[in-house]
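Reviewing the structure listed below.
Start at 1 and go down the list; that is how both ligands and their atoms are numbered. Residue indices begin at 1 and follow the sequence shown.
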Amino acid sequence: MSQAITKIAIVGGGTAGWLSAAIIAAHHKTNQTQGIQVCLVESSDIPTVGVGEGTWPTMKNTLKEIGIKEAEMFAHCKAVFKQGGKFVDWVHGNGDFYYHPFTVPLGYGRIDLAPYVEDIEQYAVESNFQHHVCEAGLAPRTISEAEYSGQCNYAYHIDAGAFGELLKNHCKQQLNVQHIVDTVEHVTLAADGSIASIELAKTTPIEADLYIDCTGFASMLLGGKLNVPFMKMDKYLFNDSALALQVPYEKADSPIASHTIATAQNAGWIWDIGLTHRRGTGHVYSSEFLSDDEAEQNLRKYLGKAADGLTPRKISFQSGHREKFWEKNCVAVGMAAGFVEPLEATAIMLVEISAKFVAENLPPTKAIMPTVAKRFNQQMRYRWTRIIDFLKLHYMLTKRPEPYWQAHTQEDSIPDSLKEDLAIWGYRGPTNSDFESAVELFPAASYQYVLYGMGFKPDFSQQAHLYQQQQQAQTIIQRNQKITQQMLQTLPSHREYIEKWLASAKTN
Ligand SMILES: Cc1cc2nc3c(=O)[nH]c(=O)nc-3n(C[C@H](O)[C@H](O)[C@H](O)COP(=O)(O)OP(=O)(O)OC[C@H]3O[C@@H](n4cnc5c(N)ncnc54)[C@H](O)[C@@H]3O)c2cc1C
């Protein structure tokens with residue numbers, strides 16, 4: 001009889017490792033049943049990457065499913081709401097900006113407002129209230145609304161280190177995950193090429209039925225031992241370096257942005273993520289177009305006095321992903337599977353999606369594992385293609401003159417799949433029918449916000465039917481203005497909301 005799958009060993013204790021452990025253990029109720037055992041090995045000598053503070057709205061469900069209360073997460077991780085991304089200077093570099101908010105446009109799926117918006121770069125302003133909520137520095141809900149709900153869709157900004165701690169404690173105390181602090185020194189293969197065991201520096205070897213490689217850039221199991229090749233994507237996405245710097249707020253009560261701010265620079269962009277106690281910032285750039293010193297100058301210029309006396313940390317990375325993500329009895333999750341620049345916070349979202357797939361499709365025996373692996377690989381390849389296309393869309397329509405930006409507009413730097421989309425969007429804009437896969441990451445709304453925000457107006461002239469809803473479009477645009485006014489009057493300031501809410505959660 002084929003061997004049953006009962007033990008899962010996760011190697012790596014970064015966000016990918018602990019999130020995977022929590023998702024799989026919660027799904028299989030490892031704290032209640034004798035079925036599946038989950039153990040996680042992490043090295044105390046190899047640090048985690050220590051960044052990764054922006055998430056996607058999928059995190060709300062993930063936290064609910066693994067049993068963490070939102071208020072507990074906010075208090076522990078100094079977290080705040082993230083209502084989308086603000087892209088500054090990406091089009092012209094003269095102070096222009098647009099939002100990619102998490103709430104879909106009003107009338108979404110029924111009517112495309114793009115033909116009725118005079119200045120296409122203002123699409124998000126006309127079609128959605130969240131732009132205004134973010135600009136006014138407001139929270140997405142009032143104090144009387146329940147946790148995990150909101151008038152605007154949202155995700156979170158989290159302190160990466162604290163988030164890992166929270167997940168670790170939850171896994172150990174609530175989900176019965178075994179925790180081993182040791183370094184994997186050697187991986188032993190069985191005769192069929194699958195992983196037989198992992199040997200540790202100090203403790204006895206671990207044998208498991210399924211191994212999850214969460215060793216970050218090292219990809220020790222999938223890449224290192226099983227030799228699954230890495231597919232470079234730097235032809236499309238040029239960035240390979242980051243300088244990360246955590247900076248204090250000017251004053252204890254400084255406003256907290258409820259969105260990630262991504263400000264374009266001459267050869268890259270700067271992220272700015274507010275938490276309750278500090279900002280996490282950094283410059284992502286291409287070493288081909290910018291030296292480390294120049295990048296540091298850009299970052300210091302952006303931060304002003306906030307950076308005085310602080311030294312940024314350099315992180316180098318390769319854009320790309322493994323050719324396969326599940327090979328034999330090993331699945332890579334997190335940066336062990338791949339990494340591209342953090343422009344839309346896709347990395348942690350992919351961790352959630354990958355771990356959910358493993359949890360929901362965990363094969364009962366080894367015999368069926370190749371079939372599950374094949375499906376996982378197909379889905380993940382599709383997701384990576386979509387992510388790369390979506391990120392590239394942020395670059396390829398720029399009108400900035402610098403060599404880095406112009407290189408992003410060159411035909412041979414644009415994936416064929418994105419060129420095909422653009423050919424169609426040239427006359428009718430993105431719609432849900434472009435994104436029909438059951439495994440879509442970004443809805444058509446996300447493409448609309450970025451495409452139009454970057455100033456791309458389809459030539460709707462041959463599509464007369466798109467202009468026949470004038471009355472309805474005006475009604476929706478006016479409704480948006482009305483809702484915006486209501487929200488601006490009723491939603492509390494972001495910082496004020498978090499402080500009040502956490503104080504009341506403590507006393508309850
Ligand atoms: C500059 C930058 C900014 C980012 N911003 C975002 C963002 O805003 N949003 C987002 O979603 N993502 C972001 N990411 C990605 C995000 O940080 C990662 O996806 C996330 O932290 C998961 O990392 P990881 O757990 O895969 O790897 P790591 O954090 O590197 O963890 C690797 C783990 O493996 C362990 N390990 C390694 N080798 C061994 C061994 N031999 N034995 C035992 N243990 C071992 C280490 O001890 C560590 O615990 C960013 C990444 C970078 C580089």
Nearest protein heavy atom with distance in Å, relative to [atom]:
atom                    : result
atom 8 (O) of ligand 1  : Gly54 N, 3.1 Å
atom 6 (C) of ligand 1  : Gly52 CA, 3.2 Å
atom 30 (O) of ligand 1 : Val49 N, 3.4 Å
atom 23 (O) of ligand 1 : Met335 CE, 3.8 Å
atom 38 (N) of ligand 1 : Ile46 CD1, 3.4 Å
atom 44 (N) of ligand 1 : Ser43 N, 3.2 Å
atom 35 (C) of ligand 1 : Gly12 CA, 3.6 Å
atom 42 (N) of ligand 1 : Val184 N, 2.9 Å

Specify side chain, backbone, both or neither for [X], according to which of its non-hydrogen atoms lie closer than 4.0 Å to ligand 1.
X      : value
Phe339 : side chain
Trp271 : side chain
Asp182 : backbone

Contact atoms of ligand 1, heavy-atom distance to [X] under 4.0 Å:
X      : result
Ala345 : 9 (N), 10 (C), 11 (O)
Gly334 : 26 (O)
Thr15  : 20 (C), 21 (O), 22 (C), 25 (O)
Cys214 : 32 (C), 33 (C), 34 (O)
Gly216 : 26 (O), 27 (O), 30 (O), 32 (C)
Glu53  : 7 (C), 8 (O)
Ala16  : 22 (C), 24 (P), 25 (O), 26 (O)

Evaluate [X] for polar contact with ligand 1, using N/O atom pairs at a separation under 3.5 Å.
X      : value
Phe317 : no
Ala336 : no
Pro342 : no
Val51  : yes
Thr183 : no

Worksheet item: Should we count NZ of Lys69 as having more than 12 external heavy atoms under 6.0 Å?
Response: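 Counting other residues, nucleotides and ligands, NZ of Lys69 stays at 12 neighbours or fewer.
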Supply the atom-to-atom distance Arg383 CZ to Phe442 CZ, rounded to the nearest 0.5 angstrom.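 Between Arg383 CZ and Phe442 CZ, I get 10.5 Å after rounding to 0.5 Å.
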* Once you round to the nearest 0.5 Å, how far does OG1 of Thr281 lie from CG of Leu303? ->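 Going from OG1 on Thr281 over to CG on Leu303, the span is 4.5 Å.
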- Item | Met231 side chain reached by Pro229 side chain, heavy atoms, under 4.5 Å |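 The answer is no; the side chains never approach within 4.5 Å.
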Closest to [atom] (judged by heavy-atom distance), picking from [options]:
atom                    : options                        : value
atom 15 (C) of ligand 1 : Ala347, Gly14, Gly13, Ser241   : Ala347
atom 11 (O) of ligand 1 : Ile158, Thr215, Val181, Ile348 : Ile348
atom 1 (C) of ligand 1  : Gly338, Ala242, Ala244, Ala155 : Ala242

Tyr449 ring center near Tyr447 ring center (under 6.0 Å) =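 Distance test on ring centres: not under 6.0 Å, no.
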How about Phe339 and Phe317: are their ring centres within less than 6.0 Å of each other?
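Yes, the ring centres sit under 6.0 Å apart.
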Quiz question: by atom type and distance under 3.5 Å, do the side chains of [X] and [Y] form a donor-acceptor pair?
X      : Y      : answer
Thr62  : Glu65  : no
Trp56  : Tyr156 : no
Ser291 : Asp293 : no
Lys392 : His408 : yes

Is the ring pair [X]/[Y] parallel, tilted or perpendicular, if the boundaries are 30 and 60 degrees?
X      : Y      : result
Phe238 : Phe289 : parallel
Phe81  : Phe74  : tilted
Tyr285 : His283 : perpendicular

- Applying side-chain hydrogen bond (donor to acceptor under 3.5 Å, both in side chains) between Tyr99 and each of Gln83, His132, Glu135, report the one that passes.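 Passing option: Glu135.
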To check you understand the geometry: which heavy-atom pair defines the closest contact between Arg279 and Gly274, and what is its length?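 Distance-wise, the nearest heavy atoms are CG-CA, 4.2 Å.
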